[in-house]
Enquirer: 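Can you keep this structure in mind? I'll have questions shortly.
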Amino acid sequence: MAINPPGKQRDHELQVFFQDVITGLSRKQKTLPCKYLYDERGSQLFEQICELQDYYVTRTEADIFAHDLLEMAGAIGADALLIEPGAGNCEKAEPLLAALESPAGYLPMDISPEILLAAKHRIQARLPDLPVHAAVGDFTTDTAWELLPSVNARRRVIFFPGSTIGNFDPDQASALLAGFVSRLSPGDGLLIGTDLDKDPVVLERAYNDSDQVTARFNKNLLHRINTELGADFNPALFAHRSFYHPLRRRVEMHLVSLTEQMVHIDGECFHFQEGETIHTENSHKYTLEGFRQLLQQAGFTPIRHWADTSNHYAIHFAEVH
Ligand code: AVI
């Protein structure tokens, strides 16, 4: 498995985390990049969110995969190399790999080496003939892609499930998709999950679950900043708030300061008014047509999609044109 030296890598990551936090909290609308929601505790809480009745996203995507997996495998075709940025425990790729006709290999990428290694062993035990090479790194950087070995295949297909694309703003999503195109060749493919725009009541319930798991997930970011960067946030003085923004077609997640307060991070001091928020995440919801346009602009030709009967979620297959 390709991996950078852990000590140096960690120092660099902490430095970047610190800079991102200082920059985000210095803005007029305070923001924190949503990728930092996923430390170990945050990833555990996200797994709990995926199990919630109120959070339809994971369950709906899993139902579509279960129902349409053979058609997806057929669209991808034989002798394909599957590349999965942000693969996590690779549990969505595993049944797809098993359904593909003579897959050429599987290249998962993730920032967590432990989870990736366990998944690689599990997949190799189930599919012993399949070449699996895992790369540890952030798929939004070139370094992670440079760690991937070259494997001969009839076509390469990027697999990007989970509606992760929704957590990028449209401009960033467009750039990410264009970045995928730049790493592929004409005729290569993309299989990608997107949450669809729908009744705001359903959306707001999903991000304000009755068990308050999403609230803990959101507030965990403050605990993380305290632990890793030595800040003095009092998470009890912040409340979770999520709401649907109809014009921007997205669910926004914020942390609301319950009082006027000061927070210190390594000599830097941040003032919060009562009611002021830190914007911690956007989750964009697409129409089928809107997402097809995004694919087109990035350099993909949309080929087909699979959705649930309520049109809550879609998995698109597209090819580089
Ligand atoms: C990972 N991502 C697709 C989730 C979403 O629905 O946007 C993250 C999440 N945030 C709150 N709940 C789930």
Side-chain angles (χ1 to χ4, degrees), residues 31-65 84-93 109-112 115 138-140 158-170 172-173 176-177 191-224 238-245 248-256 277-286 290-291 294 308 312-316:
T31 55
L32 290 170
C34 66
K35 66 178 177 183
Y36 295 120
L37 290 164
Y38 302 89
D39 64 348
E40 202 184 333
R41 174 87 183 119
S43 301
Q44 285 166 358
L45 286 164
F46 179 61
E47 277 181 25
Q48 287 179 34
I49 290 174
C50 293
E51 304 283 318
L52 293 170
Q53 190 55 32
D54 289 335
Y55 190 73
Y56 61 87
V57 179
T58 314
R59 180 177 65 247
T60 310
E61 186 190 61
D63 288 348
I64 301 169
F65 273 124
E84 186 175 3
N89 63 11
C90 310
E91 68 181 0
K92 294 177 188 171
M109 307 159 85
D110 203 88
I111 47 170
S112 166
I115 296 176
D138 176 352
F139 68 83
T140 59
I158 292 182
F159 181 49
F160 202 54
S163 192
T164 308
I165 191 78
N167 296 128
F168 292 79
D169 287 342
Q172 299 168 335
L176 183 73
L177 293 175
L191 189 65
I192 184 166
T194 58
D195 196 18
L196 296 175
D197 205 8
K198 60 181 69 61
D199 182 351
V201 174
V202 176
L203 287 169
E204 294 199 346
R205 201 187 305 128
Y207 293 83
N208 290 290
D209 65 276
S210 49
D211 295 332
Q212 314 260 327
V213 185
T214 312
R216 290 202 288 283
F217 172 66
N218 196 7
K219 280 195 188 188
N220 177 62
L221 187 46
L222 302 183
H223 289 286
R224 178 178 186 180
F238 287 84
H240 163 75
R241 181 188 291 162
S242 278
F243 57 89
Y244 179 64
H245 193 308
R248 299 203 165 123
R249 283 208 160 116
R250 69 189 191 195
V251 175
E252 293 192 6
M253 199 161 79
H254 292 252
L255 288 162
V256 189
T277 74
I278 311 174
H279 188 172
T280 50
E281 187 188 63
N282 288 320
S283 192
H284 290 264
K285 309 302 170 187
Y286 287 94
F291 196 70
L294 198 72
D308 56 304
H312 276 181
Y313 195 91
I315 298 167
H316 299 256

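What you see is a predicted model; the values in this text were computed from it and never measured. We use all heavy atoms of the structure for the numbers below, so side chains are in, but hydrogens, waters and symmetry mates are not. When a ligand or atom number is given, it counts from 1 through the structure's own listing order.
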Enquirer: Looking at Met253, is its backbone amide N or carbonyl O close enough to the side chain of Thr280 to form a donor-acceptor pair, meaning the two atoms are under 3.5 Å apart?
Expert: yes
Enquirer: Check ligand 1 against the protein and report each N/O to N/O distance under 3.5 Å, formatted as atom name, atom name, distance.
Expert:
unit_1: ligand 1; atom_1: 2 (N); unit_2: Asn167; atom_2: OD1; d: 2.8
unit_1: ligand 1; atom_1: 6 (O); unit_2: Tyr55; atom_2: OH; d: 2.5
unit_1: ligand 1; atom_1: 6 (O); unit_2: Tyr207; atom_2: OH; d: 2.5
unit_1: ligand 1; atom_1: 7 (O); unit_2: Asn167; atom_2: ND2; d: 2.9
unit_1: ligand 1; atom_1: 7 (O); unit_2: Ser283; atom_2: OG; d: 2.6
unit_1: ligand 1; atom_1: 10 (N); unit_2: Glu281; atom_2: OE1; d: 2.7
unit_1: ligand 1; atom_1: 10 (N); unit_2: Glu281; atom_2: OE2; d: 3.2

Enquirer: Mind checking whether Tyr55 and Tyr207 have parallel, tilted or perpendicular rings, split at 30° and 60°?
Expert: perpendicular
Enquirer: My understanding is that only residues two or more places apart in sequence, or in another chain, count here; which of them pass side-chain hydrogen bond (donor to acceptor under 3.5 Å, both in side chains) with Arg205?
Expert: none
Enquirer: Hey, are Arg59 and Glu61 close enough for a salt bridge, meaning a charged N less than 4.0 Å from a carboxylate O?
Expert: no
Enquirer: Parallel under 30°, tilted from 30 to 60°, perpendicular over 60°: which one fits the rings of His254 and Phe243?
Expert: parallel
Enquirer: Say you draw a straight line from CD of Glu204 to CG of Asp199; how long is it, rounded to the nearest 0.5 Å?
Expert: 9.5 Å
